[in-house]
Amino acid sequence: MKRLIAAAVLLIIVVTTYICSYIYIDKTCKTANKMLSECVDIYSADQNATDSAKKLNKFWSKKEKPLSIIANHTSIDEIEMAIGSLVSYSNSPENEIFYEYAGTVKTLLHQLMEDTKPGIHSIF
């Protein structure tokens, strides 16, 4: 009986931790997507989205360490590099490069959210 109680407590801890980490990743990615959309809108209007891109970069840098605990480090690093490139080209007249990196960041954020969706395989 003691083993069943211990197993049930461990199962509850694992499931609760997984759900909390999923909520954190989902909230972070949605906020980053919203900031990215604002950055693209500003760039479309006047081709100078440096402040908005730096704001996104600062946000991601702040969230990177907690995300590295729960998510794949490679995915987090790829997103960080893409956001850094986005900052570099946020004041550039090269429209294609800016929009390419914006699309890359959006795709990587979507992939991170998809990789952490709850399922039987990912929980166990």
Side-chain angles (χ1 to χ4, degrees):
M1 185 70 175
K2 290 180 184 179
R3 290 181 188 167
L4 287 176
I5 293 173
V9 168
L10 286 175
L11 180 64
I12 290 170
I13 290 171
V14 168
V15 170
T16 303
T17 304
Y18 184 83
I19 290 171
C20 291
S21 64
Y22 173 74
I23 291 169
Y24 183 77
I25 290 171
D26 188 52
K27 182 179 175 184
T28 302
C29 288
K30 284 182 180 178
T31 304
N33 268 328
K34 183 179 173 186
M35 294 173 82
L36 178 64
S37 295
E38 291 172 4
C39 185
V40 170
D41 291 342
I42 291 171
Y43 185 81
S44 297
D46 66 359
Q47 291 189 346
N48 187 1
T50 305
D51 293 336
S52 181
K54 284 182 180 178
K55 185 178 170 185
L56 174 61
N57 193 19
K58 187 176 181 179
F59 170 79
W60 190 258
S61 294
K62 189 170 107 176
K63 299 292 185 175
E64 178 185 7
K65 288 181 183 177
L67 284 173
S68 294
I69 294 170
I70 21 182
N72 186 355
H73 296 283
T74 306
S75 300
I76 304 301
D77 291 340
E78 286 177 358
I79 294 170
E80 181 185 19
M81 288 189 308
I83 290 173
S85 298
L86 187 71
V87 171
S88 298
Y89 291 106
S90 62
N91 195 18
S92 171
E94 300 290 331
N95 292 341
E96 297 84 20
I97 297 173
F98 176 82
Y99 290 124
E100 179 181 336
Y101 281 112
T104 301
V105 171
K106 188 171 184 164
T107 301
L108 290 171
L109 288 171
H110 178 73
Q111 183 179 1
L112 180 63
M113 287 189 334
E114 288 295 317
D115 289 346
T116 56
K117 275 195 175 176
I120 297 300
H121 177 68
S122 60
I123 292 174
F124 294 108

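Fair warning: this is a prediction, and the values are worked out from it, not measured in the lab. Scope of the values below: all heavy atoms of this structure, side chains included, with no hydrogens, waters or symmetry mates.
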Donor-acceptor contacts, no H, no angles, side chain residues 51-68, under 3.5 Å, sequence neighbours left out:
unit_1 : atom_1 : unit_2 : atom_2 : d
S61    : OG     : N57    : O      : 3.0
S68    : OG     : E64    : O      : 2.9

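- Clustering ILVMFWY residues whenever any of their side-chain heavy atoms sit less than 4.5 angstrom apart, transitively, puts I13 in the very cluster that holds I5.
- Note that CG of D115 is 10.5 Å distant from CG of L108, once rounded to the nearest 0.5 Å.
- Under the 4.5 Å side-chain contact rule for hydrophobic residues, I70 and L112 share a cluster.
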Which donor-acceptor pairs under 3.5 Å do the side chains of residues 74-93 make with protein atoms, sequence neighbours left out?
unit_1 : atom_1 : unit_2 : atom_2 : d
S85    : OG     : M81    : O      : 3.2
S88    : OG     : G84    : O      : 3.1
S90    : OG     : T50    : OG1    : 3.4
S90    : OG     : V87    : O      : 2.8
S92    : OG     : E94    : N      : 3.1

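- With sequence neighbours excluded, no residue forms a side chain to side chain contact (heavy atoms under 4.5 Å, CB included) with I69.
- Every salt bridge (charged side-chain N to carboxylate O under 4.0 Å, His left out) that E114 has, sequence neighbours left out, goes to K117.
- Partners of Y43 according to the ring-ring contact (aromatic ring centres under 6.0 Å, His included) rule, which considers only residues two or more places apart in sequence or in another chain, are F98, Y99.
- Applying the salt bridge (Lys or Arg N to Asp or Glu O under 4.0 Å) rule to pairs touching residues 23-44 yields D26-K30, sequence neighbours excluded.
- Of the residues T16, I23, T17, the one that meets the side-chain contact (heavy atoms from CB on, under 4.5 Å) test with C20 is T16.
- A ring pair (Phe, Tyr, Trp, His ring centres under 6.0 Å) check over residues 63-82, counting only residues at least two apart or in different chains, returns nothing.
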